[in-house]
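Naming: A, B, ... by sequence-line order, numbering from 1 per chain. Values below: every heavy atom of this structure, side chains too, minus hydrogens, waters and symmetry copies.
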Amino acid sequence: MAMMRAAATATVTAGTPRGLRGLLFSTLSSSFPFNPPPTNQEKPPPAEPSTNLFVSGLNKRTTSEGLRDAFAKFGEVAHARVVTDRASGYSKGFGFVRYNTLEEAAAGIKGMDGQFLEGWVIFAEYARPRLPPPPLESNGSMYGRQ
DNA sequence: CTTGAGCGA
């Protein structure tokens with residue numbers, strides 16, 4: 001009795017890894033060849049063209065002046081601002097740069113995107129409009145509307 | 001380090 005069990009266990013244990021591995025590999029290879037990623041990873045443009053530029057990856061010590069000076073090489077910078085938390089006064093690590101024309105903005109993005117600034121690689125792309133104001137309707141604010 | 005806030009001219 002004992003030898004039967006031992007023989008069976010040994011046989012199964014010895015043959016399991018190879019058999020399973022070969023089977024799985026074969027199945028996976030047939031089902032998933034080196035095809036391109038099945039995930040529909042679309043790559044839409046960063047944002048619609050705008051004169052406002054969003055720059056991220058800034059160093060904590062980088063200031064609006066540094067941004068303006070860095071982007072002024074590709075066009076006239078109408079406005080440059082590094083976002084900082086006014087509550088604590090700490091830099092959030094990103095900023096915004098506005099040009100007067102879309103051509104300058106595009107030049108600034110293509111010229112500064114992926115470049116190093118203050119020791120950090122920065123990313124530049126078109127910025128989106130700021131957070132929209134909430135409808136904010138509540139009792140007391142309405143004076144007979146609705 | 002990845003989407004900002006200000007109001008005095």
(request) Sorted by first residue and then second, give each side chain to side chain donor-acceptor pair (under 3.5 Å) pair with at least one member in residues 77-91 of chain A; sequence neighbours left out. (result) A:D85-A:S88
(request) May I ask you to list the residues of residues 97-125 of chain A, by number, that have any heavy atom positioned under 4.0 Å from an atom of DNA chain B? (result) A:W120, A:E125
(message) What residues from residues 65-85 of chain A pass a heavy-atom cutoff of under 4.0 Å to DNA chain B?
(response) A:R81, A:V83, A:T84
(message) Return whichever of A:F54 or A:R86 has its heavy-atom-nearest nucleotide of DNA chain B closer to the 5' end.
(response) A:F54
(request) For the pair A:N59 (side chain) and A:W120 (backbone), establish whether a donor and an acceptor sit closer than 3.5 Å, ignoring hydrogens and angles. (result) no
(request) Calculate, to the nearest 0.5 Å, the distance between atoms CD1 and CG belonging to A:I122 and A:L117 respectively. (result) 5.0 Å
(message) I'd like to check A:F96 versus A:N52 (side-chain heavy atoms, cut-off strictly below 4.5 Å). Are they in contact?
(response) no
(message) Output the rounded distance in Å from NZ (A:K92) to P (B:dT3).
(response) 9 Å
(message) Can you tell me which nucleotide in B:dT2, B:dT3, B:dC1 comes closest to the side chain of A:N59?
(response) B:dC1
(message) I want to know whether A:Y126 and A:F54 have ring centres closer than 6.0 Å.
(response) no
(request) Would you kindly give the NZ-to-P distance between A:K60 and B:dC1, to the nearest whole Å? (result) 9 Å
(message) Could you tell me how far apart A:F94 (CZ) and B:dG4 (P) are, to the nearest whole angstrom?
(response) 6 Å
(request) Could you check A:S91 against A:P129 and say which one's nearest nucleotide on DNA chain B is further toward the 5' end? (result) A:S91
Hey, can you pull the donor-acceptor pairs under 3.5 Å for the side chains in residues 63-74 of chain A, sequence neighbours left out?
| from | atom 1 | to | atom 2 | distance (Å) |
| --- | --- | --- | --- | --- |
| A:S64 | OG | A:V82 | N | 3.0 |
| A:R68 | NH1 | A:V77 | O | 3.3 |

Going by atom type alone, with no hydrogens or angles, which donor-acceptor pairs under 3.5 Å involve a side-chain atom of residues 102-115 of chain A and a protein atom two or more places apart or on another chain?
| from | atom 1 | to | atom 2 | distance (Å) |
| --- | --- | --- | --- | --- |
| A:E104 | OE1 | A:T101 | N | 3.4 |
| A:E104 | OE1 | A:T101 | OG1 | 3.1 |
| A:E104 | OE2 | A:E76 | N | 3.1 |
| A:D113 | OD1 | A:A124 | N | 3.2 |

(message) Is the base of B:dG4 stacked against the aromatic ring of A:F96, taking ring centres under 5.5 Å apart and planes under 30° as the test?
(response) yes
Give me, pair by pair, the N or O atoms of the protein and of nucleotides 7-9 of chain B that are less than 3.5 Å apart, along with how far apart they are.
none

(message) Without decimals, in angstroms, what is the distance between A:Y126 OH and B:dT2 C1'?
(response) 17 Å
(message) In this structure, how many angstroms lie between the C1' atom of B:dG4 and the CZ atom of A:R130, rounded?
(response) 7 Å
